Peer 1: 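Got a structure for you, questions after.
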Amino acid sequence: MPQVLSQQQLRDIAKEFGTPVYVYHAERITEQYEQLKNAFKSIDASFFYASKALTNINILKHIKSIGCNVDCSSINEARLALLAGFAPQQVLYTSNNISFAEIEAAVELGIHINIDSLSNLEKFGKKFGHSYPVGIRLRPNIMAGGNLKISTGHNKSKFGIPVEDTGKVLQIMKNTGLYIRTLHIHTGSEIKDVEVFAKGIEVLLELVNHFPELEVIDLGGGFKVPYASGEEGTDIPLAGKRVAEELETFEQKHGRKLKVWFEPGKFMVSEAGYFITQVTVLKHSGDIRFAGVDSGLNHLIRPMFYGSYHHIENISNPGDTELPYTVVGNICETDTFAEDRMINTIREGDYLVFYNAGAYGFEMASNYNSRFKPAEVLVKNNVPQLIRRRDTMEDLLKTQIVHS
Ligand code: LLP
């Protein structure tokens, strides 16, 4: 059974550090990583944690301490990774639609780069020729992912170089002497169907023989974790088996060995995170029981942005009768976290916990309505430690230039 934080631990943390607060469980992150390593141990696989899911530097340090690498989606994430102690060769920057100047900055840092446009690829080839190995982000034209907003590999997606433009990539390679080491795809987030990964690797393997210096197939992230009870995540051991099968067939046929990289975000940190809020107001309107909490879409935007489900528990009154509640935030918008959700009887002052809050929770938080971002706490060896303090008024004004 995977490790979880107990309601008692969460109540104690809420009391000690106040609410709203994000809580992360280090050992759970380690467990997720071990699952991946085990499932893919028959092939030469490496994992680059997609840090966009959660970038607190203490989380990055933990990720490094367990031997995992890191994937970044901006130059600043790459800089954070280096500050956290990763060596440049442990850092991958999978970019999309960035300026060439940012690519040059990534070269300065000495990290791996996946380039996603023909125009940047050409500039890269002209400037660096064969001197700096590079990856190509391709768009495989595969529709996959939990919803359209998080589907990135389909044929109308902005991401990557359309796979039908491979000929143009080869032309640039020929003209500039580019050293193409990696072929990358990322088809989307929350992909349950293992066959999507198998199909992805097939698309890439078909192209490999055009790239004599290719060493790595990068399949991106997207493993699904369960959010609702009864929901199933990606069958990770099966994914390991299927990818290994595809790779073995290729190796036998072509006598070429390849490494496989993955960039898991949600899989690594989603279930390791809890978001604790406190009920500020109960309001009845007709049949609707509103439970208003001291948070809103400014702190956890996933339910409003993607219609995502987050399991909610009342950890202050766990044994009591369940009633339907509509859980809402305090932002001046309709920020509904859950509608008519069965939750143990709620009283004002109770703590409500949102589960699966580790990935894209704090990371997508904002100061909308000039509210403070929540604090973050990391529990390691059963010891909770504050890893980000709550904002203050000074933080809100810090970057403003106040004129008289
Ligand atoms: N690699 C690349 C190139 C990506 O674009 C992403 C996610 C990942 C890896 C990691 O995907 P994951 O393993 O986390 O599914 N904010 C959305 C998810 C956006 C994902 C963006 N790209 C959400 O909260 O559902």
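Counting starts at 1 for both ligands and their atoms, in listed order. Quick caveat, the model's predicted, so the values are computed rather than measured.
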Peer 1: Below the 3.5 angstrom mark, is there an N/O of Met364, backbone or side chain, next to an N/O of ligand 1?
Peer 2: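 The answer is no, given that Met364 and ligand 1 share no N or O pair closer than 3.5 Å.
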Peer 1: Regarding ligand 1, does His184 bring an N or O atom to under 3.5 Å of one of the ligand's N or O atoms?
Peer 2: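 No, no N or O pair falls under 3.5 Å.
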Peer 1: Between Leu60 and Leu54, what is the shortest heavy-atom contact and its length?
Peer 2: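 Nearest heavy atoms, Leu60 then Leu54: CD2-O, 4.4 Å.
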Peer 1: What's the shortest distance from atom 11 (O) of ligand 1 to any protein heavy atom, and which residue and atom give it?
Peer 2: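 Among all protein heavy atoms, the one nearest atom 11 (O) of ligand 1 is His186 CE1, 3.5 Å.
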Peer 1: Classify the ring geometry of Tyr227 against His310: parallel below 30°, tilted from 30° to 60°, perpendicular beyond 60°.
Peer 2: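 Rings of Tyr227 and His310: perpendicular, as their planes differ by over 60°.
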Peer 1: Looking at ligand 1, would Gly222 count as a contact under a 4.0 Å heavy-atom criterion?
Peer 2: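 So Gly222 counts as touching ligand 1.
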Peer 1: Considering the heavy atoms of Pro264, write down every atom of ligand 1 situated less than 4.0 Å from one of them.
Peer 2: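 Reading through ligand 1 atom by atom, the close ones are 13 (O).
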Peer 1: Find all atoms of ligand 1 within a distance of less than 4.0 Å from any non-hydrogen atom belonging to Asp71, and give their numbers and elements.
Peer 2: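 Result: 1 (N).
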Peer 1: Minimum heavy-atom separation for Ala14 and Ile276, please, with both atom names.
Peer 2: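 For Ala14 and Ile276, the tightest heavy-atom pair comes out as CB-CG2, 4.0 Å.
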Peer 1: Cut-off 3.5 Å, side chains only: do Asn317 and Asn314 have a donor facing an acceptor?
Peer 2: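 The criterion, which ignores hydrogens and geometry beyond distance, is not satisfied for Asn314 and Asn317.
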Peer 1: Any side-chain donor-acceptor pair under 3.5 Å between Asn38 and Glu34?
Peer 2: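 Side-chain D/A pair, Asn38 to Glu34: absent.
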Peer 1: Check this for me - ligand 1, Glu263, N or O atoms closer than 3.5 angstrom, yes or no?
Peer 2: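 Between Glu263 and ligand 1 (N or O atoms, distance only) the closest approach is under 3.5 Å.
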Peer 1: Hey, does Ala359 sit under 4.0 Å from ligand 1 if you only count heavy atoms?
Peer 2: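 So Ala359 does not count as touching ligand 1.
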Peer 1: What protein heavy atom sits nearest atom 25 (O) of ligand 1, and how far off is it?
Peer 2: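 Here the nearest protein heavy atom works out to Lys266 NZ, 2.6 Å.
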Peer 1: Please enumerate all residues that pass side-chain hydrogen bond (donor to acceptor under 3.5 Å, both in side chains) together with Asn298, with sequence neighbours excluded.
Peer 2: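 Checked Asn298 against side-chain hydrogen bond (donor to acceptor under 3.5 Å, both in side chains); zero matches.
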Peer 1: So, Tyr274 versus Tyr22, ring centres under 6.0 angstrom or not?
Peer 2: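 Not close enough - the centres of the two rings lie 6.0 Å or further apart.
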Peer 1: Quick check: closest heavy atoms across Met173 and Pro212, and the distance to 0.1 Å?
Peer 2: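 Looking at all heavy atoms of both residues, the closest pair is CE-CD, 4.2 Å.
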Peer 1: Report yes or no: does Lys52 have a heavy atom closer than 4.0 Å to ligand 1?
Peer 2: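 So Lys52 counts as touching ligand 1.
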Peer 1: With heavy atoms under 4.0 Å as the rule, classify the contact between Tyr306 and ligand 1 as side chain, backbone, both or neither.
Peer 2: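 Answer for Tyr306: side chain.
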Peer 1: Any N/O of Gly265 closer than 3.5 Å to an N/O of ligand 1?
Peer 2: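 Yes - when backbone and side-chain N and O of Gly265 are compared with those of ligand 1, one distance drops under 3.5 Å.
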Peer 1: So, using ring pair (Phe, Tyr, Trp, His ring centres under 6.0 Å) as the criterion, who are the partners of Phe17 when residues are at least two apart?
Peer 2: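 Phe17 satisfies ring pair (Phe, Tyr, Trp, His ring centres under 6.0 Å) with no residue once adjacent residues are dropped.
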Peer 1: So do the side chains of Ser95 and Glu102 get within less than 4.5 Å of each other, counting heavy atoms only?
Peer 2: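 No. Closest side-chain heavy atoms not under 4.5 Å.
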Peer 1: For atom 15 (O) of ligand 1, find the nearest protein heavy atom and state the residue, atom name and distance (0.1 Å precision).
Peer 2: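 Looking only at protein heavy atoms, the one closest to atom 15 (O) of ligand 1 is Ser189 OG, 2.4 Å.
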Peer 1: Please could you name the atoms of ligand 1 that Ala50 approaches to less than 4.0 Å, counting only its heavy atoms?
Peer 2: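 In order of number, 8 (C), 9 (C), 10 (C).
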Peer 1: With backbone taken as N, CA, C and O and side chain as the heavy atoms from C-beta onward, which portion of Asn96 lies under 4.0 Å from ligand 1: side chain, backbone, both, or neither?
Peer 2: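 Within the 4.0 Å criterion, Asn96 makes no contact with ligand 1.
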Peer 1: If I apply the N/O under 3.5 Å rule, does Tyr360 come out as touching ligand 1?
Peer 2: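 In this structure, Tyr360 places an N or O atom under 3.5 Å from an N or O of ligand 1.
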Peer 1: Give a yes/no verdict on whether any heavy atom in Arg137 is under 4.0 Å from an atom of ligand 1.
Peer 2: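 Per 4.0 Å heavy-atom rule, Arg137 contacts ligand 1.
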Peer 1: Where does the angle between the aromatic ring planes of Tyr309 and His311 fall among parallel (under 30°), tilted (30 to 60°) and perpendicular (over 60°)?
Peer 2: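 The arrangement is parallel - the two ring planes meet at less than 30°.
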Peer 1: Give the atom numbers and elements of ligand 1 that come within less than 4.0 Å of a heavy atom of Thr94.
Peer 2: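 Taking each heavy atom of Thr94 in turn, ligand 1 has 3 (C) under 4.0 Å.
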Peer 1: Is it the case that the side chains of Thr280 and Asp294 hold a donor-acceptor pair, with the cut-off being a distance below 3.5 Å and no angle test?
Peer 2: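 Side-chain D/A pair, Asp294 to Thr280: absent.
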Peer 1: I need the nearest protein heavy-atom contact for atom 24 (O) of ligand 1: residue, atom name and distance, please.
Peer 2: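 Of every protein heavy atom, Arg302 NE, 2.6 Å lies nearest to atom 24 (O) of ligand 1.
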